[in-house]
Amino acid sequence: MRFRRLIVCSILLALLPAAPALAGEPPSTPAPTASAPPESTPPAEQPSPEQPPSEQPSSEQPPPAQPSQGRPEEKLEEGLAVAEGTSRVIVELTDAAQTAPVAAQAAAQDAQVVLQPETQPAAQPFIVVEGTAEELAKLAEDPRVASIHRDRAYPPTAISSLPVIGADKVHAEGRTGAGQAVAILDTGIDRDHPFFGGRIVAEACFSSTEYDGVESLCPNGQSQMTGTGAADSEYAKCLVGGENLCEHGTHVAGIAAGQGGVAPGASIVAVQVFSRVNDEDTCGAAACLMAFESSLRLAVDHVASLAPATPIAAMNLSLGGQLSDTSCDTSEEGQVFKPKIDDLLAKGVATVVAAGNEYFEGTTFPACVSSAVAVGASDNGDHIADFSNSGPLLDLFAPGVDIESSVPDDAMATHSGTSMAAPHVAGALAVLKAAFPDQAIGALVEKLKTSGRPFSYQAGGVQVTTPRLDLAAAASGAAPQPTVSQSGPAPAPSESGPSPEPTDEDPRSEDPRSDDPGESDEPDPTPIPLPTVTVTVTVTATPPAAPSSVCTRGTAGTRMTAKEWAVEVYRGTGQLSDETLTCYLKLAHKTSKVFPELTKASSLGKAYRVLKAPKGARAKLDRALLAAWLNWAHGATSTLAPVQAAEKVRLTAKASSASLKKATAALGK
């Protein structure tokens, strides 16, 4: 079984493990540090403030994926041609009418057709297939196939904050968002929670399944379901050992449109987009949730089909995937999702996305799409949250620290994260759209930006100003509050310490950190979904539960060699805690294409085996790559450009031994 991170998810949310992509209190270890973001695709041209995104000429939008005019192997995403085992992929088609014939052809070639959507958008038809490198290469020869890429999986990214954004003043004027709706693409919703007061007007579920360890969270047991009960977060499959893995969506919906939320009069469209993954090695627990790109695509199309008949002001995605410090409009994922986001804008629906909790000067996907509204987190004292991503790609900050909202079983809980910040903005747009029904949604987004309280801070060596949501000012037309200069979160004590001194003779003759005594030293080639990089923070009645630390980058740690990192990850021999090292591995998996896809170093034991002196040019490059990613996560290096360049070599099917050695040497400089 193969997984791939989302763009998304975080895909989309600030949730995961078996929990949402949430963030907690500033961590004691590792502490965040600002660093230069990785180089990426140049940003696409941005809409001007005078012309809302929804009114931009269609010629400025990136075209949908087109059939490859080159050789069949050029249709395959990097790495698929060298992947071992099977890969779960999205097969982009040239014509929706070819869905059934191509699916039949794939099945005839022994590939497993996992998903064949019953309805297809004319511009972006696709099927989902599970197949070996050879089977996918054969399928790429079909002229009806435009391209083939992995079906990426996204994890999810929490109301005393209402006075901070002036929502209490707006509510006192009778402006509550009545007549508008907010679509919450998340982990479902507690349908009878008193916080929602019967305002759930539509439900749907798009939950990709796979025969090996992945289960649908649709109550009908299928991969799709619409209608009453389709997004029920109290469905039995959401429960593991008394814990509800689907808590995140109810919490997010409560912030946006709960009775004590930002838009208490708005309706809610609840869409379940996650699947249950029963794989302890993948999840770090018995089970966790992942949102596949194929599910997200169908869910976004479903929301578009409801609008404008259903007046949806905003679609909220509190999830996220790969990090980017520039606009990702022209990336493979961006070319799929930007037209969808633009189409929603044209129908009066803004797409609001959590920026991510990696303390990174950029955002996760899809917040990096220029026409999405990327939201970072701040606290109630108008300080940027220690965990929040930041920088020029962000459109707004909103409260995201210690936010109390609804959770399943008619309960309330407190969470932190950009997942909690995004629904503040989604709810605010519902309030504004109800108050100003004649204004385009793009104009209302600009109203929030121009009326927000400016946060001024350094990012990437330049001064950046990002507004903090101020709903009262936006609704009244008042001037923005005075600018708040941000010095940046104070770094917590670093665990760096002196670098361990490895000996020439490796003392570790016993099995290191073995997850399974019978495991082979060969890295498992099976990829894993985008790992959870934040944890749920829940506060109970009395006394409150101690918040868990946020997984984020270290603070200017000392650069270490692969041999030194092997000492660190070996049980009891290094200076860094297991919690910190596990966090670093998760951060590496979030942005790396090699480790989730080709070299499964998801645990400390497996990472140790990658870092041991390996044989072969590819294995040595894997070793150097993992050390480079760990140094970046540790805060010892500030740019990912050399690492990403080396990964391109590693993902090349016919990379020569000389090119592999050259890439390895470049990482050592």
Side-chain angles (χ1 to χ4, degrees), residues 1-6 8-13 15-21 83-89 112 114-115 128 130 150-156 187 207-218 221 223 235-246 248 272-295 319 321 513-520 522-536 551 582-583 585-586 588-590 592 594-607 609-610:
M1 174 179 65
R2 282 198 167 265
F3 296 103
R4 170 83 153 83
R5 53 185 169 285
L6 168 57
V8 172
C9 285
S10 32
I11 215 169
L12 277 197
L13 320 169
L15 164 93
L16 213 68
E84 298 180 24
T86 60
S87 300
R88 177 187 173 118
V89 300
Q112 173 75 26
V114 178
L115 175 66
V128 179
E130 178 91 7
R150 292 178 178 85
D151 189 4
R152 303 161 184 87
Y154 308 93
T187 64
S207 182
S208 291
T209 59
E210 198 169 340
Y211 55 87
D212 186 10
V214 177
E215 296 181 272
S216 171
L217 291 176
C218 299
S223 61
Y235 174 49
K237 293 293 184 182
C238 285
L239 306 177
V240 175
E243 179 185 5
N244 191 316
L245 306 186
C246 299
H248 191 264
Q272 166 67 268
V273 295
F274 283 81
S275 300
R276 172 170 165 163
V277 178
N278 300 306
D279 186 335
E280 188 166 358
D281 187 55
T282 293
C283 302
C288 62
L289 305 186
M290 284 288 166
F292 286 92
E293 178 184 337
S294 51
S295 296
L319 54 89
R513 295 185 183 273
S514 179
D515 304 298
D516 182 348
E519 260 185 337
S520 166
E522 291 299 320
D524 186 342
T526 304
I528 61 174
L530 177 64
T532 305
V533 293
T534 49
V535 292
T536 304
C551 175
T582 300
C583 167
L585 287 177
K586 289 177 179 178
H589 279 94
K590 190 176 183 75
S592 169
V594 167
F595 294 105
E597 305 304 341
L598 302 179
T599 310
K600 190 175 180 180
S602 55
S603 67
L604 295 176
K606 290 176 180 175
R609 285 187 282 277
V610 173

Name of the residue among V277, V273, T187 meeting side chain to side chain contact (heavy atoms under 4.5 Å, CB included) with L289: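 That would be T187.
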Pairwise distance OG(S294) to CZ(R150) - rounded to 0.5 angstrom: 15.0 Å
Non-hydrogen atoms of C246 and L217 that approach each other most closely: SG-CD1, 4.1 Å
Flag side-chain contact, heavy atom, 4.5 Å: K606 against L585: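 No, side chains not in contact.
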Does [X] use its side chain to pair, donor to acceptor, with the backbone of [Y] at less than 3.5 Å?
| X | Y | result |
| --- | --- | --- |
| Q272 | F274 | yes |
| S275 | S216 | no |
| D151 | E293 | yes |

Evaluation steps, side chain to side chain contact (heavy atoms under 4.5 Å, CB included), between V240 and R276: CA-CA 10 Å; V240 175; R276 172 170 165 163; 3.6 Å; yes
Lys NZ or Arg CZ of R88 over F292 ring: under 6.0 Å, within 45°: yes
Pair S208-S295, side-chain donor/acceptor within less than 3.5 Å: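 Checked: S208/S295 side chains pair up, N/O donor to acceptor below 3.5 Å.
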